[in-house]
Amino acid sequence: MTTRTQDQKKLRQKQSIMTEKEADQTIEQTNGKNHITGAQVLLDSLLAEGVDTIFGYPGGAIMPVYDKLMDYEGRLTHILTRHEQGAAHAAQAYTMAKGKPGVCFATSGPGATNLITGIANAFLDSVPVIFITAQVASTLIGTDAFQETDILGVSMPVTKWNCQVKKASEIAEAVAKGFYIATTGRPGPILIDITKDAQIEKCDFNYRKCEYIRSYNPHIPLNKKEIESAAILINHASKPLILAGHGVLISKAEKELKEFAEKTGIPVAVTLLGLSSFPSSHRLFAGFLGMHGNYAPNLLTNEADLIIAVGMRFDDRVTGNLKKYAKQASIIHIEIDKAEINKNVQVDVEINNDAKEALKALIPLVKPNSYEQWIREFRIHDKTEFDRVIKSEIKPDSGAIKMGEVVKMVSDLTGGDAIVITDVGQNQMATARYFKFSEPNSFVTSGGMGTMGFGLPAAIGASIGRPDKTVVAFIGDGGFQMTVQELGTILQYDVPVKIIILNNNFLGMVRQWQDMFFDKRYASTEMVNPDFVKIAEAYKIPATRIIERNDLKEALGVMLNSKGPYLLEIEIEKEANVLPMVAPGASVSEVRLA
């Protein structure tokens with residue numbers, strides 16, 4: 001049996017999420033081991049936390065861990081990516097799609113620094129990924145030894161917590177503490193740096209899950225006064241609007257958000273990472289917020305008399321010019337991170353709590369209502385947007401294939417029942433606008449960091465985390481080439497991702513800005529691309545290219561019905577812009593349709 005076949009067989013072994021009882025049994029089975037190496041302590045600690053999959057790339061300093069990893073076959077599956085950045089993005093997407101922390105391994109020096117973009121991406125999007133890096137022997141720290149880097153100093157600004165371990169006996173406690181910090185409160189990535197001698201040194205193993213850290217209080221009791229104040233504002237509002245963000249999904253508050261919206265009759269608009277937190281087909285769905293969001297929610301933000309922000313941070317891509325943002329509205333902010341409240345937008349009611357808990361407390365206090373006239377205003381603007389932008393994008397009469405029609409057709413063909421991945425740029429915005437999401441956690445993208453190259457490795461991580469789901473990745477020709485080597489990971493493990501390259505031979509979003517704000521001076525944005533189909537075929541991935549609209553539906557059907565991985569390159573309109581758009585420095589109510 002070839003190595004590739006063995007890897008694919010391992011990957012197809014059933015991976016189940018451990019129940020709390022099973023996790024406790026694992027701890028009992030592993031505890032009490034005498035005189036085992038630090039590498040074994042690390043792996044047993046991960047098992048105790050319910051880990052079954054690790055993404056990573058080996059190297060000299062982490063070799064003791066990889067050597068012992070071979071003894072954990074059947075319990076821990078390791079996915080060898082082709083670059084550490086790919087491992088980081090795959091681990092993040094695994095976390096977002098599966099709902100349990102992903103784990104990523106890398107060696108010291110360049111292995112660790114290659115993770116930084118992925119760590120920062122997870123940090124800005126509040127995703128709890130566990131990063132384990134190796135370090136040179138403790139006796140060599142500070143000597144500029146081969147492949148030594150101060151990864152604690154480098155990663156400190158983009159991790160929720162990090163630490164360095166120099167003794168085998170400290171590893172289990174560090175792992176327990178890391179999981180607790182990563183997954184509680186506002187989640188985020190953590191990094192544990194383990195010296196090579198700590199991996200080799202032996203100690204006795206006893207694992208105790210962390211449930212408390214002095215001075216760290218992730219759970220904040222509900223402030224009943226603030227909840228009651230919020231309910232009074234809600235019950236007396238004339239034009240209220242809910243803004244739902246990633247925090248709704250993180251806290252698993254989709255059911256509560258829907259119940260709250262249906263009882264109050266308040267329309268719900270979502271941020272980029274809030275997509276899939278509220279069904280796109282729901283009568284109260286007001287659309288996608290932000291720079292390339294829908295016309296109605298952007299325009300009417302500055303007409304609402306009450307804004308209820310749930311699990312979102314008033315990012316600049318949502319607010320536009322802060323001096324002109326929602327000055328007429330009272331604002332209720334439900335947010336688990338105190339630092340985000342009043343940071344960008346001054347609010348009237350601060351609910352510094354978990355979104356699920358806060359919404360549960362609010363629902364009994366709010367009155368049943370409907371805002372038919374207010375919702376009618378959204379529908380009027382929706383029609384304007386459809387007539388002036390959407391119609392020609394999803395049902396063009398002629399010309400080159402458009403991004404919107406591709407996304408819309410995939411949405412229709414899958415019935416919205418797919419996990420959708422995007423890279424960053426025009427492909428991301430078109431997908432956010434035209435895919436209709438019906439299930440929570442079905443949209444995985446790079447939000448705050450806006451990382452080109454995220455899409456391909458993220459598709460791998462999501463597919464491995466959710467093998468029961470069709471995973472479709474929309475990627476631009478520029479972003480695809482940033483992590484194209486991860487096709488090797490797909491080859492080795494036969495990951496059944498469906499890759500759609502929307503090829504306009506441009507860095508599309510940068511070109512759009514050059515078109516709209518720099519007099520069409522296309523500086524370094526036009527691309528001479530390779531033959532993507534031949535590249536895919538070199539990795540033994542079935543692929544095809546289409547140019548004509550008449551071939552689109554059949555090609556998408558073939559791709560979606562394929563059992564394994566598939567790459568479909570679609571040549572799209574070369575100089576198309578994603579509209580509407582809120583120009584930099586403009587108010588959200590100055591959203592442009594052309």
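The two residues Val310 and Ala355 have their closest heavy-atom pair at CG1-CB, 3.8 Å. Smallest separation of non-hydrogen atoms from Met312 and Val318: CE-CG1, 4.0 Å. Considering every non-hydrogen atom in both Gly265 and Leu284, the closest pair reads O-CD2, 3.7 Å. Here the closest heavy-atom approach between residue Lys177 and residue Ile213 is recorded as CG-CD1, 3.5 Å. The two residues His83 and Gln85 come nearest to each other via the heavy atoms ND1-N, 2.9 Å. Taking each heavy atom of Cys104 and Ala91 in turn, the nearest pair found is CB-CB, 4.1 Å.
At a threshold of 4.0 Å, the pair Lys343-Glu340 counts as salt-bridged, since one of the basic side-chain nitrogens sits closer than that to a carboxylate oxygen. Using a 4.0 Å cut-off between a side-chain N of Lys or Arg and a carboxylate O of Asp or Glu, Asp315 and Arg317 do not qualify as a salt bridge. Between Asp417 and Lys469 a salt bridge is recorded (basic side-chain N to carboxylate O distance below 4.0 Å). Contact check on Asp337 versus Arg313 returns no salt bridge, with no Lys/Arg side-chain nitrogen under 4.0 Å from an Asp/Glu carboxylate oxygen. For Arg433 and Glu385, the salt-bridge test passes: some basic side-chain N is under 4.0 Å from an acidic carboxylate O. Asp412 and Lys408 are joined by a salt bridge, as a carboxylate oxygen and a charged side-chain nitrogen come within less than 4.0 angstrom of each other.
Checking side-chain atoms of Glu350 against main-chain N and O of Asn352 turns up no donor-acceptor pair under 3.5 Å. Not one N or O on the side chain of Asp305 forms a donor-acceptor pair closer than 3.5 Å with the backbone of Gln328. For the pair Tyr295 (side chain) and His381 (backbone), a donor-acceptor distance under 3.5 Å is absent. Counting only distance, with no hydrogens or angles, the side chain of Asn114 and the backbone of Glu84 share no donor-acceptor pair below 3.5 Å. When atom types are taken as modelled, the side chain of Thr384 and the backbone of Ile380 share a donor-acceptor pair closer than 3.5 angstrom. Using modelled atom types, no side-chain atom of Glu259 and backbone atom of Lys255 make a donor-acceptor pair closer than 3.5 Å. In terms of modelled atom types and a separation under 3.5 Å, the side chain of Thr184 and the main chain of Pro218 share no donor-acceptor contact. Not one N or O on the side chain of Asp515 forms a donor-acceptor pair closer than 3.5 Å with the backbone of Asn577. Under the 3.5 Å distance criterion, the side-chain polar atoms of Ser442 are matched with a main-chain donor or acceptor of Glu439. A donor-acceptor pair is defined here as one N or O able to donate and one able to accept, closer than 3.5 Å; no such pair exists between the side chain of Asp423 and the backbone of Ile475.
In summary, the side chains of His292 and Gln428 do not present any donor paired with an acceptor at a separation below 3.5 Å, with no hydrogens or angles considered. Judged purely by distance below 3.5 Å, without hydrogens or angles, the side chains of Thr422 and Thr431 never pair a donor atom with an acceptor atom. Between the side chains of Arg511 and Gln514, no donor-acceptor pair is found at a separation under 3.5 Å. No side-chain donor-acceptor contact under 3.5 Å links Asn369 and Thr264.
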Margin query: The test is ring pair (Phe, Tyr, Trp, His ring centres under 6.0 Å); show your working for Phe55 and His89 and say whether it passes.
Written below: CA-CA 9 Å; Phe55 301 87; His89 292 328; over 10 Å; no

Check: Step by step, would you call Phe443 with Phe435 a ring pair (Phe, Tyr, Trp, His ring centres under 6.0 Å)?
Finding: CA-CA 10 Å; Phe443 183 58; Phe435 199 91; 8.4 Å; no

Next item on the list: Kindly indicate, with the supporting measurements, whether the criterion side chain to side chain contact (heavy atoms under 4.5 Å, CB included) is fulfilled by Ile227 and Ile351.
Entry: CA-CA 7 Å; Ile227 294 290; Ile351 301 178; 3.9 Å; yes

Next item on the list: Determine, step by step, whether Val472 and Ile421 satisfy the side chain to side chain contact (heavy atoms under 4.5 Å, CB included) criterion, reporting the C-alpha distance in whole Å, the side-chain angles of both residues, the deciding distance to 0.1 Å, and the verdict.
Entry: CA-CA 6 Å; Val472 181; Ile421 316 293; over 6 Å; no

Margin query: One pair to check against side chain to side chain contact (heavy atoms under 4.5 Å, CB included): Leu249 and Glu254. What are the steps and the verdict?
Written below: CA-CA 7 Å; Leu249 293 163; Glu254 306 89 2; 3.3 Å; yes

Note to self: Run the side chain to side chain contact (heavy atoms under 4.5 Å, CB included) test on Lys100 and Tyr94 for me, step by step, so that the C-alpha distance in whole Å, both residues' side-chain angles and the decisive distance to 0.1 Å come before the verdict.
What the structure shows: CA-CA 8 Å; Lys100 61 182 288 188; Tyr94 175 95; 4.0 Å; yes

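Under the side-chain contact (heavy atoms from CB on, under 4.5 Å) rule, Leu115 has a single partner from Val158, Val154, Thr133, which is Thr133.
Counting heavy atoms from C-beta on, the side chains of Phe260 and Ile308 come closer than 4.5 Å. Looking at Thr183 and Pro101, their side chains come closer than 4.5 Å, going by heavy atoms from C-beta outward. Inter-residue side-chain proximity for Ile464 and Ile460 is flagged as met; some heavy-atom pair is nearer than 4.5 Å. The closest side-chain heavy-atom distance from Pro267 to Trp374 is below 4.5 Å. The shortest side-chain heavy-atom distance between Ile341 and Val347 falls under the 4.5 Å cut-off.
Taking the six-membered ring where tryptophan is involved, the planes of His282 and Phe278 are tilted, since the angle between them lies from 30° to 60°.
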Let me have the donor-acceptor pairs involving side chains of residues 583-594, under 3.5 Å, with sequence neighbours excluded, atom names and distances please.
unit_1: Ser587; atom_1: OG; unit_2: Asn302; atom_2: ND2; d: 3.1
unit_1: Ser587; atom_1: OG; unit_2: Ser589; atom_2: N; d: 3.1
unit_1: Ser587; atom_1: OG; unit_2: Ser589; atom_2: OG; d: 2.9
unit_1: Ser589; atom_1: OG; unit_2: Asn302; atom_2: ND2; d: 3.3
unit_1: Glu590; atom_1: OE1; unit_2: Ser587; atom_2: N; d: 2.7
unit_1: Arg592; atom_1: NE; unit_2: Ala594; atom_2: O; d: 3.3

